[in-house]
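Have a look at the structure below before the remarks.
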2 protein chains.
Amino acid sequence: MEKMSDKAEPAPTASAKPTVRTISRLAGVSPSTVSRALKGDPRISEKTRAVVTALAAEHGYTPNAMARGLVTRTSGVVGIVLGDMKNPFYAELFESLHERLAAIGKYPMLLHVGGETLDSEGIKPIQQYQMDGCIIAAARLSSKAAATCATNQLPMVMINRVARIHSCTVSCDNYAGGVMAGELLIGAKHQRIAFIAGREDTSTSEDRESGLRRALRKAALDLVGWSRGHYTYEGGFAAAEELLATSRPDAIFAANDIMALGAIDAIYKRGLRIPDDISVIGFDDIRQARWRHYELTTIAQPVEAMITRALALLVERMENPDLSGESISIQGEVRLRKSARLPVELSAD
Amino acid sequence: MEKMSDKAEPAPTASAKPTVRTISRLAGVSPSTVSRALKGDPRISEKTRAVVTALAAEHGYTPNAMARGLVTRTSGVVGIVLGDMKNPFYAELFESLHERLAAIGKYPMLLHVGGETLDSEGIKPIQQYQMDGCIIAAARLSSKAAATCATNQLPMVMINRVARIHSCTVSCDNYAGGVMAGELLIGAKHQRIAFIAGREDTSTSEDRESGLRRALRKAALDLVGWSRGHYTYEGGFAAAEELLATSRPDAIFAANDIMALGAIDAIYKRGLRIPDDISVIGFDDIRQARWRHYELTTIAQPVEAMITRALALLVERMENPDLSGESISIQGEVRLRKSARLPVELSAD
DNA sequence: GAAAATTGTGCAATCGTGTGCGCTACGAGT
DNA sequence: ACTCGTAGCGCACACGATTGCACAATTTTC
């Protein structure tokens, strides 16, 4: 028996890793009291709480997240799936997302990034790490990730994508944004309007296009050109070159900013002036849209608002997993810059 | 006693979460056998291993990472501290980093992003989640993160920053890169060379400047202008405006690409031609440097190689924490584009 | 002044997995 | 026939924290 009696202090090295037991011994209380004291349980007296928190601070003790996660069954980790990071829109979104998650004590674990679909390796961590939730910010959904979330009953919110399956969604009102862009161009008396689409099978691109077409139809116009730009600068550049060569548009609406910037450079390459010869409108309002060479008129996505709502939905569902799916769409906002002619009623000012 | 005898099957809902015990019961073996079978322990016969792996696959069983982490004391999580994501360089780097980590079965958890220093909340997860390692990719080091890694004996590698403290570092050879840029400009017969610096207290900016000065000195020249651009587009723009107004340079070397792009737009704003009136050279080779309007001549950072070496260092130190610090610096590569005049010996071709 | 209510703590089980050590069974060696 | 070696597997504990319940100490109540 005495062999086991005090295995208590085997450590000559002062403090390997302080555990709850380390603190409890120093404070002369039980581990449970330490645990409760640190998380603000009201049953613990202020006196002992003070002692415990002081000791914890002194020794740099923080509860081990894995041990806690094992028993509470929540890890504090939120999985993130991101669209292409080469698009600054997602990079900026991710930065905000990280800050807002940190504010509610959650940490983001990047599961996947890039447009391609997710292999089964990529989604393993969702169950391995008992994630509390998952945020998918990508125009194209890897349906596998969504399925994994669903079978694991994991709260999931998609940003910037309208769901085909039953779940939570926060996005910019892409249709309305498309209408705005269309009305802006029509208001500036453009007649020959062309569209540059994003990647195939993305609801964002499709909805923005529908909105544009709606506005055109209302003005008894039709698209004079359509090309695909794959949501990249190079794609937008090539698409614009094609449009310029074939359909001679006097205005181009690109489904996102990166493509619009490519289109602008293609237009300049052809020796045309912006906006005198051609107007260009984008969608997103990334930082580069403000660069002096571009001064891109665009429909700004309300990124901060979208994140706010997405996290609210996620938190609700972490507390009550039985809540049903909900879709939120937030209006974008026109940012008038110099890449598009102003509507006549405004330019009168 | 019979109350506890078989608490075994309380679940009418078929499979809540399969655990090692679920599989072990189905296979008719002990949990330890399941554990060993799945991780390839040679002591388990091929027959039982086949049974176990089949059952695991059928029920979608994967070991719980938290429980495993608790006992093995390794979480499979690597902490990431990133510089400003508004700089596309870091966004691109992060994307690669994620892929390479996934390939070795590690997952990235973003601890902090952005230039500001880390508060103590931000570094908590390092010890909470028992991270296996930490990668700091930022020009400015939050020394707090480094200190936390050091006291926790956590393997840490810094990318793109030369350490002041004893640790591992992988970076581009910024000094040599500065020399290259200088020689390029001097070879093109530039006489009035100015420099746009990054943020204060960043070794990257300082080393690139030193290299430039070295090349100039060798040619008996001196800098005609110096301004700070804070590693942003707007900063580079403003810095260039100041330089143009005061020191009339015929070439500008900016400490990174984003500032160089801002400088280019400032130069055009003033009605000057590039490279006829002024050459511009950047550093990094971000995607935007290839955009048609800019065609930026720059020193490319070998991002993939840097990540390869950084992960190698990290993995070594995860296996053997006592290895000492090591610094690796990799040569950058000149990318000749159109924003800078070619050296005479090249333009003769 | 005894019983009851209240307050503050400790005990012990639990989460799911990994691992040192011991046990069984089987074939071989003498 | 007895021992020995080996292959294959299970027992039981550890990892570090949380939490329901029991319990001791103190105060309140009649």
Side-chain angles (χ1 to χ4, degrees), chain A residues 3-4 7-8 10-11 15-25 27-52 56 59-76 124 127-130 132, chain B residues 1 3-4 7-8 10-11 15-52 56 59-76 124-125 127-131 152:
Chain A
K3 195 167 55 179
M4 304 190 67
K7 192 94 185 305
S15 56
K17 300 268 180 187
T19 80
V20 67
R21 194 155 284 131
T22 318
I23 306 297
S24 78
R25 270 197 287 261
V29 296
S30 79
S32 24
T33 301
V34 172
S35 170
R36 288 193 256 253
L38 289 178
K39 54 175 10 191
D41 191 310
R43 297 180 306 178
I44 302 297
S45 71
E46 280 309 317
K47 205 176 62 181
T48 54
R49 186 194 312 285
V51 172
V52 168
H59 292 264
Y61 168 74
T62 315
N64 180 320
M66 324 206 95
R68 165 187 291 171
L70 198 52
V71 47
T72 62
R73 312 177 94 77
T74 65
S75 58
K124 260 189 185 165
Q127 40 176 337
Q128 284 186 316
Y129 287 92
Q130 300 268 51
D132 296 350
Chain B
M1 281 182 79
K3 196 167 56 179
M4 306 189 65
K7 192 96 183 302
S15 56
K17 301 267 180 188
T19 81
V20 68
R21 195 154 280 131
T22 318
I23 305 298
S24 79
R25 269 197 288 262
L26 291 170
V29 297
S30 79
S32 24
T33 300
V34 172
S35 170
R36 286 194 255 253
L38 289 178
K39 55 175 8 194
D41 190 309
R43 295 182 307 178
I44 302 298
S45 71
E46 280 309 316
K47 204 175 62 181
T48 55
R49 186 196 311 286
V51 172
V52 168
H59 294 262
Y61 167 73
T62 316
N64 180 319
M66 325 205 95
R68 164 187 290 171
L70 195 52
V71 48
T72 62
R73 314 177 92 79
T74 64
S75 58
K124 260 189 186 168
Q127 40 177 336
Q128 285 185 314
Y129 286 93
Q130 300 267 51
M131 298 205 169
N152 288 39

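All chains are named by letter (A, B, ...) in the order of the sequence lines, taking the proteins before the strands, and each is independently numbered beginning at 1.
Between B:Q130 and B:P31, the residue anchored nearer the 5' end of DNA chain D, judged by the nucleotide with its closest heavy atom, is B:P31. When each of B:T33 and A:A67 is assigned the nucleotide of DNA chain C with its nearest heavy atom, A:A67 is the one assigned upstream, toward the 5' end.
In this structure, the CZ atom of A:R36 is 12 Å from the C1' atom of D:dA17, given to the nearest Å. Across the protein-nucleic acid pair, B:R25 atom CZ and C:dG16 atom C1' stand 13 Å apart, rounded to whole Å. B:M66 places its CE atom 13 Å from the C1' atom of C:dT17, with the value rounded to the nearest Å. The distance between atom CD1 of A:I23 and atom C1' of C:dG10, rounded to the nearest whole Å, is 18 Å. Atom CG of B:L38 and atom P of C:dT17 are 10 Å apart (whole Å). With rounding to whole Å, A:Q128 atom CD is found 11 Å from C:dT17 atom P. If you measure from atom OH of A:Y61 to atom C1' of D:dG16, you get 7 Å, rounded to the nearest angstrom. Taking atom CZ on A:R68 and atom C1' on D:dA17, their separation rounds to 8 Å, with Å as the unit.
Heavy-atom minimum distance, B:T62 versus A:Q127: OG1-NE2, 3.8 Å. Here the closest heavy-atom approach between residue A:P31 and residue A:S24 is recorded as N-CB, 3.6 Å.
Here the side chains of A:V34 and A:V29 are in contact, with some heavy-atom distance below 4.5 Å.
Checking C:dT17, D:dA17, D:dT19 against every side-chain atom of A:P63, the shortest atom distance belongs to D:dA17. Each of D:dA17, C:dG10, D:dT18 was ranked by its minimum atom distance to the side chain of A:V29; first place goes to C:dG10. Taking the side chain of A:R73 as heavy atoms from C-beta on, and the options C:dT17, C:dC15, C:dT9, the nearest nucleotide is C:dC15. Checking D:dT18, C:dG10, C:dG18 against every side-chain atom of B:V71, the shortest atom distance belongs to C:dG18. When each of C:dT17, D:dC15, C:dA12 is scored by its nearest atom to the side-chain atoms of B:L70, the top-ranked nucleotide is D:dC15.
Panel note: side chain B:S75, backbone B:Y129; a donor-acceptor pair is recorded below 3.5 Å. For B:R49 (side chain) and B:D41 (main-chain N/O), a donor-acceptor pair under 3.5 Å exists by modelled atom type. In terms of modelled atom types and a separation under 3.5 Å, the side chain of B:T72 and the main chain of B:R68 share a donor-acceptor contact.
Applying the 4.0 Å criterion to OP1 and OP2 of C:dG18, one finds that B:S35 has a side-chain N or O inside that range. The phosphate of C:dG10 has OP1 or OP2 within less than 4.0 Å of a side-chain N or O from A:S30. For B:T72, no side-chain nitrogen or oxygen approaches OP1 or OP2 of D:dC15 to under 4.0 Å.
Shown for residues 39-50 of chain A: residues whose heavy atoms fall under 4.0 angstrom of DNA chain C, namely A:R43, A:I44, A:S45, A:T48.
One distance of note links CE of B:M131 with OG1 of B:T74; it measures 13.0 Å at 0.5 Å rounding.
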Criterion side chain to side chain contact (heavy atoms under 4.5 Å, CB included) on B:L26 and B:H59, from CA distance to verdict
CA-CA 10 Å; B:L26 291 170; B:H59 294 262; 3.4 Å; yes
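At a cut-off of 3.5 angstrom, the base of D:dC11 holds at least one donor-acceptor pair with the side chain of B:S32.
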